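In what follows, a structure is listed as structure tokens, so that the remarks can point back to it.
In each ligand, atom 1 is the first atom listed, and ligand 1 is the first ligand listed. Along the sequence shown, residues carry numbers from 1. Bear in mind that the values here come from a model prediction, so they are computed numbers and not experimental data. What you see below is based on every heavy atom in this structure, not just the backbone, and it leaves out hydrogens, waters and symmetry mates.
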Amino acid sequence: MGKIGKRFEGKVAIVTASTQGIGFGIAERLGLEGAAVVISSRRQKNVDEAVEKLKAKGIEALGLVCHVSNAQQRKDLIKKTLEKYGKIDVLVCNAAANPTVNGILETKESVLDKLWEINIKTSVLLLQEVAPHLKKGSSVVFVSSIAAYQPSQGLAMYGVTKTALLGLTKALAAEMAPDTRVNCVAPGFVPTHFASFLTKNEGIRKSLEEKSLLNRLGTTQDMAAAAAYLASDDASYVTGETLVVAGGMPSRL
Ligand code: NAP
């Protein structure tokens, strides 16, 4: 990790799906840079453990249970953030599901619905509620994936939902300008619980490492650094963009 600045002093950041993995890494980074961070996930135990870890690093943190599909929990996430910290400067939409490794033509309707719901729709619904509270200089970051550009076997329909986030980023950047910037991070492969079905397989892991020009998988800190840049004033003239953080894996020109 490079030297950490204090770009988020006095700011309040909500990161969804943030009790482990990339979401936790982003919350930790924003917190270390001075933000008060609101973390959440489906399970109270995970929330409590993550809050403890952040507090142990001197980070101001509030933890809430929020399954992104639960309308009441989404409402409470915003309400309780405002009650405790009085404002919202940064929202990072990080939740996703990849419930199948089937091909698109074999994917059941219920699974298609779930992919749309968790990976896209709930971020839109959360933003509809957060938007009225976002002031000038605020920022939204989506978490897409390298699979948005290369929806490979086993990640095909999931990849397509991540492609949709690239469009959502553009559309909302226009809709929320000029007060709120909207950007996106497209991570390469990071050995988290989510990706363990790939990264714990020695053969697959090696081939993923070889596909990266830097001969390694990504880390949660790599993703956090990119998200923090986009959310910060360092990116004050950047909106509607997706930053690919994949060690040079094939994406777009
Ligand atoms: P992870 O380590 O498995 O962490 C997932 C987090 O999300 C956990 O804190 C989990 O906690 C929470 N969560 C899961 N479902 C949720 C839901 N419905 N509502 C609220 N919270 C939920 O996953 P990750 O790899 O960091 O993935 C995070 C994001 O990065 C996803 O958008 C994923 O698509 C993207 N991504 C990951 C990779 C990779 O290689 N890892 C690559 C590209 C993109 P609970 O179990 O307590 O809910």
Check: Gly21 main-chain N/O paired with Thr220 side-chain donor or acceptor under 3.5 Å: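 Judged by distance alone, no pair lies under 3.5 Å.
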
Residues Asp222, Arg29: salt bridge by 4.0 Å N-O rule: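 No, Asp222 and Arg29 are not salt-bridged.
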
Ion pair Lys87/Asp89, N-O distance below 4.0 Å: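 So Lys87 pairs with Asp89 through a salt bridge.
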
Residues that, via side-chain heavy atoms closer than 4.5 angstrom, fall in one hydrophobic cluster with Val68: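 Besides Val68, the cluster holds Ile118.
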
Whichever hydrophobic residues join Leu198 through chains of side-chain contacts under 4.5 Å: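 For the cluster that includes Leu198, the remaining residues are Val101, Ile104, Val111, Leu112, Leu115, Ile146, Tyr149, Leu155, Met157, Tyr158, Val160, Leu166, Phe189, Phe194, Phe197, Ile204, Leu208, Leu217, Val244, Met249.
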
Provide, line by line, the atom pairs where ligand 1 and the protein bring an N/O atom each to a distance under 3.5 Å; else say none.
{"unit_1": "ligand 1", "atom_1": "3 (O)", "unit_2": "Phe194", "atom_2": "N", "d": "3.0"}
{"unit_1": "ligand 1", "atom_1": "9 (O)", "unit_2": "Thr19", "atom_2": "N", "d": "3.1"}
{"unit_1": "ligand 1", "atom_1": "9 (O)", "unit_2": "Thr19", "atom_2": "OG1", "d": "2.7"}
{"unit_1": "ligand 1", "atom_1": "9 (O)", "unit_2": "Gln20", "atom_2": "N", "d": "3.2"}
{"unit_1": "ligand 1", "atom_1": "11 (O)", "unit_2": "Thr19", "atom_2": "OG1", "d": "3.3"}
{"unit_1": "ligand 1", "atom_1": "11 (O)", "unit_2": "Ser41", "atom_2": "OG", "d": "3.3"}
{"unit_1": "ligand 1", "atom_1": "15 (N)", "unit_2": "Arg42", "atom_2": "NE", "d": "3.4"}
{"unit_1": "ligand 1", "atom_1": "18 (N)", "unit_2": "His67", "atom_2": "ND1", "d": "3.4"}
{"unit_1": "ligand 1", "atom_1": "19 (N)", "unit_2": "Val68", "atom_2": "N", "d": "3.1"}
{"unit_1": "ligand 1", "atom_1": "25 (O)", "unit_2": "Thr192", "atom_2": "OG1", "d": "2.5"}
{"unit_1": "ligand 1", "atom_1": "26 (O)", "unit_2": "Ile22", "atom_2": "N", "d": "2.7"}
{"unit_1": "ligand 1", "atom_1": "32 (O)", "unit_2": "Asn94", "atom_2": "O", "d": "2.7"}
{"unit_1": "ligand 1", "atom_1": "32 (O)", "unit_2": "Lys162", "atom_2": "NZ", "d": "3.0"}
{"unit_1": "ligand 1", "atom_1": "34 (O)", "unit_2": "Tyr158", "atom_2": "OH", "d": "2.5"}
{"unit_1": "ligand 1", "atom_1": "34 (O)", "unit_2": "Lys162", "atom_2": "NZ", "d": "3.0"}
{"unit_1": "ligand 1", "atom_1": "40 (O)", "unit_2": "Val190", "atom_2": "N", "d": "2.8"}
{"unit_1": "ligand 1", "atom_1": "40 (O)", "unit_2": "Val190", "atom_2": "O", "d": "3.2"}
{"unit_1": "ligand 1", "atom_1": "41 (N)", "unit_2": "Val190", "atom_2": "O", "d": "3.1"}
{"unit_1": "ligand 1", "atom_1": "41 (N)", "unit_2": "Thr192", "atom_2": "OG1", "d": "3.0"}
{"unit_1": "ligand 1", "atom_1": "46 (O)", "unit_2": "Arg42", "atom_2": "NH2", "d": "2.9"}
{"unit_1": "ligand 1", "atom_1": "46 (O)", "unit_2": "Arg43", "atom_2": "NH1", "d": "2.8"}
{"unit_1": "ligand 1", "atom_1": "47 (O)", "unit_2": "Ser41", "atom_2": "OG", "d": "2.6"}
{"unit_1": "ligand 1", "atom_1": "47 (O)", "unit_2": "Arg43", "atom_2": "N", "d": "3.3"}
{"unit_1": "ligand 1", "atom_1": "47 (O)", "unit_2": "Asn46", "atom_2": "ND2", "d": "2.8"}
{"unit_1": "ligand 1", "atom_1": "48 (O)", "unit_2": "Arg42", "atom_2": "N", "d": "2.8"}
{"unit_1": "ligand 1", "atom_1": "48 (O)", "unit_2": "Arg42", "atom_2": "NE", "d": "2.7"}

Which residues share a side-chain hydrogen bond (donor to acceptor under 3.5 Å, both in side chains) with Tyr85, sequence neighbours left out: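 side-chain hydrogen bond (donor to acceptor under 3.5 Å, both in side chains) check on Tyr85 returns Glu60.
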
